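Fair warning: this is a prediction, and the values are worked out from it, not measured in the lab.
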Amino acid sequence: MEAESEPYVRLATMRQLHQAVADLNTARSLADTLQSVADGIVAGLGYELGCVNIVRPDGDLVVAAFAGNSAAESLITGRVGSRESWERRLSMGEAWDELRFIPHTEGWVLLDDDVPQWHTEGPEPRFEDEWHPLDRLYAPMYASGGGLDLLGVISVDRPRNGRRPGAWGREALQMYASQAAIAISNARLRANMQRALVRLEREQQALRASEESFRQAFEYAPSGMAIAEMGGDQHGRLLRTNDALCRLLGRPASVLRRYSFADLVHPEDIGTLLRTSAEGGRAELRLGRRDGTYLWVSLRNSVVADTTDGPRFLLTHVEDIEERKRNELNLAHRASHDALTGLPNSAELRSRLGARLCERPHSVTSSAIEALDAAYGDVDSPAHGYRADGYEGEVAPGVGPYDHHVHVGAPDPDRDDGTKGLAVLFCDLDGFKSINDRFGHHAGDAVLIEVARRLTTCVRDGDTVARLGGDEFVVLADGLGAADAADLAVRLRNAIIPPIRVDGRAVRVGASFGIGWAECGMTEEEVLHSADQRMYVEKRSRSKVHRRAG
């Protein structure tokens with residue numbers, strides 16, 4: 001700093017200081033700003049050496065910029081001094097307002113601490129205010145130009161006039177440190193903003209790339225994809241569909257946007273759709289196609305958000321499982337139906353029969369009656385269905401697995417009182433074995449297929465025609481009286497009797513029918529055995545008639 005007693009020199013110094021401060025605000029980056037601070041110490045404040053120490057995130061200070069000596073710059077730039085050592089330096093020595101001056105008479109204790117430092121050589125001072133090579137002067141920089149949040153420390157050495165700075169020089173250095181703190185804070189803010197902008201741009205690029213990847217994955221997915229609204233009055237409405245789903249349902253995207261999956265699902269599968277959880281739910285159901293047919297699909301849902309707190313949408317993956325379902329149904333059909341005739345097999349017959357029957361206890365002891373009486377009231381009350389003289393009425397709620405079950409009973413064959421029951425007609429073909437023996441099993445199979453067809457055409461919708469095995473068939477017909485069952489047996493026999501053409505020849509078979517009745521309390525085997533026994537009674541009686549006629 002030039003001699004401060006001469007006004008023209010002070011004015012020149014102020015011009016230099018003004019230019020140095022102006023340079024602080026023209027730097028393009030934080031590194032340039034830090035170097036401008038160091039250069040301004042040399043160019044604007046009249047010191048031969050200037051060093052800028054910046055506080056790191058861990059609290060220690062690093063030499064961020066140096067000016068005035070290239071050898072010293074390469075030696076100490078980037079080196080770190082501990083915060084503890086810096087706090088000791090800033091707490092000792094002479095306080096020149098916010099500046100700290102440590103004369104060489106005290107600074108010898110600092111020679112061995114870890115603060116990076118550079119010592120210039122020179123002669124011993126000849127007068128009182130002459131600068132000594134080991135004198136140290138520090139200008140702390142605080143965030144926002146003041147306060148106690150230390151931003152860094154400027155250290156200076158070797159004033160050009162060789163003297164310790166006076167009042168003007170001290171004021172200029174302190175003012176410069178305050179402006180440097182503002183410039184460094186602003187540079188950091190700009191750097192943070194630039195990093196944030198770069199990060200934002202990268203995130204936006206990643207988002208755009210992610211959106212494009214999602215769009216391509218959505219549009220070109222081999223299976224159906226749909227985005228639907230979630231919540232609100234339009235919950236479930238399709239907002240977007242891919243080409244695969246449009247092809248799957250035979251409907252263009254513009255048409256599908258008018259629907260929700262609830263509009264397209266098969267009526268029998270509405271319950272399945274409603275039970276499907278929106279978040280991670282899965283369901284297998286049928287969706288309607290444009291041609292009126294239905295297609296088995298697997299729906300898998302997941303929830304996606306438009307933004308962090310924005311609306312949520314339902315992303316639904318639709319997979320065509322028609323072939324698998326067809327195979328499953330075929331397997332189930334093969335397991336429950338006769339492979340030759342396509343009729344329900346013995347297992348399916350027993351299943352359908354068992355679904356109508358409930359098991360009655362073989363005996364009801366007095367202790368059991370008392371227990372029922374205690375639980376449900378008077379034992380003669382129809383609430384529980386047990387009477388002291390036998391079984392009657394509805395089963396009590398919670399008694400057995402047939403709550404609210406309408407019990408099956410048998411009509412009286414000796415009187416027509418209007419009672420209807422579940423008739424079991426056991427059919428055994430007459431003369432079938434001779435066809436197998438004369439013409440082979442191929443002919444026998446053809447006869448069985450035709451008999452199955454004729455039996456099926458003679459019964460009502462809802463009745464069951466099953467092949468029990470061999471040449472035995474069973475018909476389940478509900479809601480028949482005794483006379484109705486007898487009439488049905490005659491019709492079925494008459495349907496079987498006409499000739500059956502097999503390989504260009506006509507063959508005939510007869511049929512014997514036994515009529516049994518299913519009743520609750522009987523097992524499936526008991527019901528079938530009862531009808532089977534009646535069939536054999538009829539077969540023997542018909543055989544006797546034929547022998548007498550012969």
Output for pair (C51 SG, I41 CD1), nearest 0.5 Å, gives 8.0 Å
Using 0.5 Å steps for rounding, measure from the CZ atom of R275 to the OG1 atom of T272. 4.5 Å
Quick test of your reading of the model: are [X] and [Y] salt-bridged, counting only N-O distances below 4.0 Å?
X    : Y    : answer
E284 : R324 : yes
R286 : E268 : yes
D58  : R83  : no
R326 : E323 : no

Look at the aromatic rings of W86 and Y138 and report parallel, tilted or perpendicular, splitting at 30° and 60°. perpendicular
Cut-off 3.5 Å, side chains only: do S85 and D114 have a donor facing an acceptor? yes
When you compare the side chains of S210 and S213, does any donor N or O come within less than 3.5 Å of an acceptor on the partner?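 No, no side-chain donor-acceptor contact under 3.5 Å.
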side-chain contact (heavy atoms from CB on, under 4.5 Å) partners for [X], two or more places apart:
X    : value
A95  : R100
A27  : D32, T33, S36
P344 : H337, E348, R352, T464, A466
H18  : none

Under 3.5 Å, side chain of [X] to main-chain N/O of [Y], donor-acceptor pair present?
X    : Y    : value
D463 : R460 : yes
D97  : L99  : no
N192 : R188 : yes
D263 : S260 : yes

Please enumerate all residues that pass ring pair (Phe, Tyr, Trp, His ring centres under 6.0 Å) together with H317, with sequence neighbours excluded. none
With sequence neighbours excluded, tell me which residues meet side chain to side chain donor-acceptor pair (under 3.5 Å) with R251. none
